[in-house]
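Take a look at the structure set out below.
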Amino acid sequence: MTAGVSLAAGRGYLAIPGPSVIPDAVLQAMHRPSPNIYAGELVEMTATLIPDLRRVARTDHHVAIYISNGHGAWEAALQNTLKPGDTVLVASSGRFAIGWSEMAEALGIEVELLDFGTGAPWDMDRIASHLAADTAHRIKAVLAVHVDTSSSIRNDVAAMRAALEACDHPALLMADCIASLGCDRFEMDAWGVDVMVSACQKGLMVPAGMGFVFFSPKAAEARARLPRVSRYWDWEPRANPEEFYQYFGGTAPTHHLYGLRAALDLIHGEGMEAVWARHHHLARAIWAACGAWGADGPLRMNVQDVALRSNAVTSLHLGGDHATRLRAWVEQTLGLTLGIGLGMAAPNSPEWHGFLRLGHMGHVNGQMIMGLLGGVDAGLKALEIPHGSGALEAAASVIAVAGSTETSAPSGLSCCG
Ligand SMILES: Cc1ncc(COP(=O)(O)O)c(C=O)c1O
């Protein structure tokens with residue numbers, strides 16, 4: 001190739017860990033004039049979203065929708081369950097758990113933080129002893145980020161419920177599934193989660209702007225015991241509206257709702273098990289490529305243990321300023337945007353330029369992931385960043401096995417390796 005030629009024209013690819021690629025069906029559903037918000041089609045359609053959201057969260061219980069990002073959902077969850085002076089336990093495997101704890105502190109909530117750093121999952125023994133030592137039950141809730149998007153560690157939410165049960169602790173279990181929902185298996189009711197927060201711009205494939213708080217009857221009781229709840233954040237009218245506007249505490253996010261309808265149709269048309277299996281196979285292809293690159297060069301996956309890796313995002317370390325250079329090269333030359341590293345080094349430090357993340361959440365398929373990996377491979381070569389060979393072959397082999405399993409499986413069955 002002649003030096004300096006740009007290959008970026010054509011459809012760009014945003015491979016950051018949220019917002020994610022928006023399906024054409026979602027964009028088309030949103031491309032319409034404003035609907036009537038008092039009666040008619042929008043009102044009827046909105047009611048259909050609730051059971052379909054529940055099916056994504058795997059809960060039979062309540063959901064409240066907010067015109068917000070994930071931070072809004074965090075705040076809503078805290079505002080409906082806790083009051084100033086209450087104590088929460090936060091188990092951290094990355095920047096987002098810290099962020100949720102800081103939000104709690106700002107609301108006057110006492111935080112007990114068990115920080116396991118950015119390279120390790122929750123240490124369930126330490127958590128279990130911490131909970132068991134709380135015989136007075138000062139801890140009212142455990143804040144648990146399922147997938148921390150900064151580190152790409154996936155924590156075991158069911159084990160957190162087991163730890164609470166083991167010492168008969170009544171604290172609410174509150175999970176952040178902002179990165180994981182629709183990508184990594186999550187079973188709200190089966191895992192005993194009382195509150196789950198998420199947002200629409202990652203696995204749900206809708207432009208940023210809607211937050212969701214799912215809550216159990218036990219969490220609803222905690223809300224009922226509070227002396228007061230912020231009128232705007234109150235989940236009660238949102239989950240049980242008598243009037244349409246109460247779903248949203250005001251004007252509906254009209255176009256986002258149409259987008260969400262289309263996204264939920266895609267998700268349930270494919271099936272939750274198949275959606276999770278797709279994410280898992282594609283993630284495995286990415287890890288295979290990363291393993292090959294790292295065999296002879298500085299590239300390292302942040303999470304060494306495959307069982308702890310999220311299917312939605314992969315955090316990488318390249319060292320030096322390699323990550324910043326690689327991101328710039330693939331964006332300018334190929335139209336491929338990779339995620340910055342987050343929470344791994346101070347933003348103004350030289351080390352910051354050594355980290356990056358690959359987002360593989362939502363509307364992604366085999367050819368997109370092969371394109372993503374091909375782009376990274378080309379960038380490593382163009383920038384002469386040392387790397388092992390055979391990454392694309394390794395990824396293609398994973399994809400090939402997934403494809404052949406899929407075609408040989410009876411229709412309707414999904415495969416998950
Ligand atoms: C796990 C997790 N929690 C919370 C947030 C915050 O969400 P938002 O940026 O939409 O406010 C994010 C955003 O990336 C996230 O990944």
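No experiment lies behind these values; they were computed from the predicted model shown. As the structure lists them, so they are numbered: ligands from 1, and atoms in each ligand from 1.
- Checking Thr314 against His360 by side-chain atom types alone, a donor-acceptor pair falls below 3.5 Å.
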Pairs under 3.5 angstrom, nitrogen or oxygen on both sides, ligand 1 versus protein: list them out, please.
residue, atom, partner, partner atom, Å
ligand 1, 3 (N), Asp176, OD2, 2.7
ligand 1, 10 (O), Gly70, N, 2.7
ligand 1, 10 (O), Gln201, NE2, 2.8
ligand 1, 11 (O), Asn69, OD1, 3.4
ligand 1, 11 (O), Gly70, N, 3.1
ligand 1, 11 (O), His71, N, 2.8
ligand 1, 11 (O), His71, ND1, 2.5
ligand 1, 14 (O), Lys202, NZ, 2.5
ligand 1, 16 (O), Thr149, OG1, 2.3
ligand 1, 16 (O), Lys202, NZ, 3.2

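- Screening residues 194-222 for ring pair (Phe, Tyr, Trp, His ring centres under 6.0 Å), with sequence neighbours left out, gives His62-Phe215, Phe215-Trp235.
- Between Trp233 and Tyr66, the two ring planes are tilted [angle within 30° to 60°].
- Residues His61 and Ser216 bring no donor and acceptor atom of their side chains to less than 3.5 Å of each other.
- For Asp86, the side-chain contact (heavy atoms from CB on, under 4.5 Å) partners are Leu82, Lys83, Lys140, not counting sequence neighbours.
- Note on residues 20-57: no pairs pass ring pair (Phe, Tyr, Trp, His ring centres under 6.0 Å), not counting sequence neighbours.
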